[in-house]
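Below is one structure, written out as structure tokens; the observations come after it.
Both ligands and their constituent atoms are indexed starting at 1 by order of listing. Since the model is a prediction, treat every value here as computed from it, not as a measurement.
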Amino acid sequence: MTARIISGTEIAAAIRSELKLRVARLKEHGKVPYLGVILVGDDPASISYVKSKEKGAQEIGVHEVTIRLPADTPESRVIQSIDDLNNDAEVDGILVQTPLPGHIDTEKVLYHISPEKDVDGFHPVNLGKLLRGQPCFLPCTPHGIQQILVRSGYDPAGKHVVICGRSNLVGKPLAAILFQKKKGANATVTVVHTGTSHIPNFTRQADILVAAMGSPLFVKADMVKDGAVVIDVGVNRVEDKTREKGYRLVGDVDFEAVKEKAAAITPVPGGVGPMTVTMLLQNTVESAEIKAGIK
Ligand code: GUN
């Protein structure tokens with residue numbers, strides 16, 4: 001079997017078209033959604049992520065402002081910038097790009113963002129609501145994965161989802177999204193991680209396998225059940241002298257081998273990546289709708 005390739009780029013484009021309509025409706029109510037981004041330092045991957053957020057916002061008509069701070073900015077100055085955005089009534093969403101430089105306490109900074117503007121969904125209030133099944137801003141990458149599954153016809157309900165990786169960004173919140181007794185969820189979820197004995201025993205049982213451990217090409221064909229749906233969250237730079245940039249991106253899945261076994265698979269790039277920014281924009285639009293009283 002050769003797998004169907006699920007294009008996150010196409011699904012993201014469909015959602016962005018829907019968002020454009022919602023932004024137009026907000027503008028009729030005199031409201032332009034406003035996203036404030038804080039970028040500290042010059043980590044190349046972070047700069048690239050922030051650029052795609054700026055581009056995506058512009059594309060759908062969201063007003064976006066990036067506050068760029070040097071790498072040696074004191075923590076108190078970063079918190080001051082968050083306070084300014086928290087107190088600005090026009091701002092609907094705030095995102096602090098991570099990772100932050102080592103001298104800054106990431107937890108302290110993220111907890112400072114007002115939960116009502118936490119469009120990243122990382123604040124403990126939003127994560128607590130997520131776990132309890134209450135309405136909240138969902139973290140963008142796991143929410144994007146859920147949308148990929150649902151919109152490509154692989155409803156997780158009743159399926160065994162195995163997630164490789166227990167990060168705060170992906171693994172933990174994705175498990176919390178997919179085991180809820182809700183539409184587009186209701187799955188049986190297993191999370192495997194570096195402390196798991198014999199990971200393949202679990203991954204081979206997956207109807208839906210999510211690779212999010214940040215380990216290039218970790219998932220091999222013999223770890224995958226015939227006909228499984230495989231979602232690759234990995235974004236790893238590996239040296240490639242034939243490329244202009246000197247590197248290429250690979251996922252956490254050995255794509256070429258696994259695509260011969262799976263029913264469907266997401267590519268890297270062009271799979272989960274474009275969905276993350278799209279769900280961030282969706283949360284920002286939703287926050288503006290709540291504020292405008294049309295949600
Ligand atoms: N760094 C990598 N992904 C993300 C994300 O989704 N949000 C933030 N704030 N930082 C990130």
task: Please identify which atoms of ligand 1 are closer than 4.0 Å to at least one heavy atom of Leu95.
output: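 The list of qualifying atoms is 9 (N).
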- request: Please identify which atoms of ligand 1 are closer than 4.0 Å to at least one heavy atom of Val96.
  value: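 Answer for ligand 1: 8 (C), 9 (N).
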message: Closer than 3.5 angstrom, by distance alone: can the side chain of Lys108 be matched with the main-chain N or O of Ile79 as a donor-acceptor pair?
response: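 No.
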query: Can you check whether Ala71's main-chain N or O pairs, donor with acceptor, with Asp42's side chain at less than 3.5 Å?
result: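 No; judged by distance alone, with no hydrogens or angles, the pair does not exist.
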message: So for atom CD, which belongs to Glu90, do other residues, nucleotides or ligands contribute more than 12 heavy atoms lying within a distance under 6.0 Å?
response: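 Atom CD in Glu90 is not packed in, count stays at 12 or less.
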More than 12 heavy atoms of other groups within 6.0 Å of Lys55 NZ: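 No, not enclosed.
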query: Between Ile38 and Val65, is there a shared hydrophobic cluster once you connect ILVMFWY residues whose side-chain heavy atoms come closer than 4.5 Å?
result: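 As far as the 4.5 Å side-chain criterion goes, Val65 and Ile38 are connected within one cluster.
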task: Give the residue and atom name of whichever protein heavy atom lies nearest to atom 1 (N) of ligand 1, and the separation in Å to one decimal.
output: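 Going by distance alone, atom 1 (N) of ligand 1 is nearest to Thr98 O, 2.9 Å.
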Identity and distance of the protein heavy atom lying nearest atom 8 (C) of ligand 1: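 Nearest protein contact, heavy atoms only, for atom 8 (C) of ligand 1 is Asp120 OD2, 3.2 Å.
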message: Quick test of your reading of the structure: of Val50, Leu169, Val277, whose heavy atom lies closest to atom 3 (N) of ligand 1?
response: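 The residue whose heavy atom sits nearest atom 3 (N) of ligand 1 is Leu169.
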- prompt: Under 3.5 Å between some N or O of ligand 1 and some N or O of Lys53?
  reply: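 No, there is no polar N/O contact under 3.5 Å.
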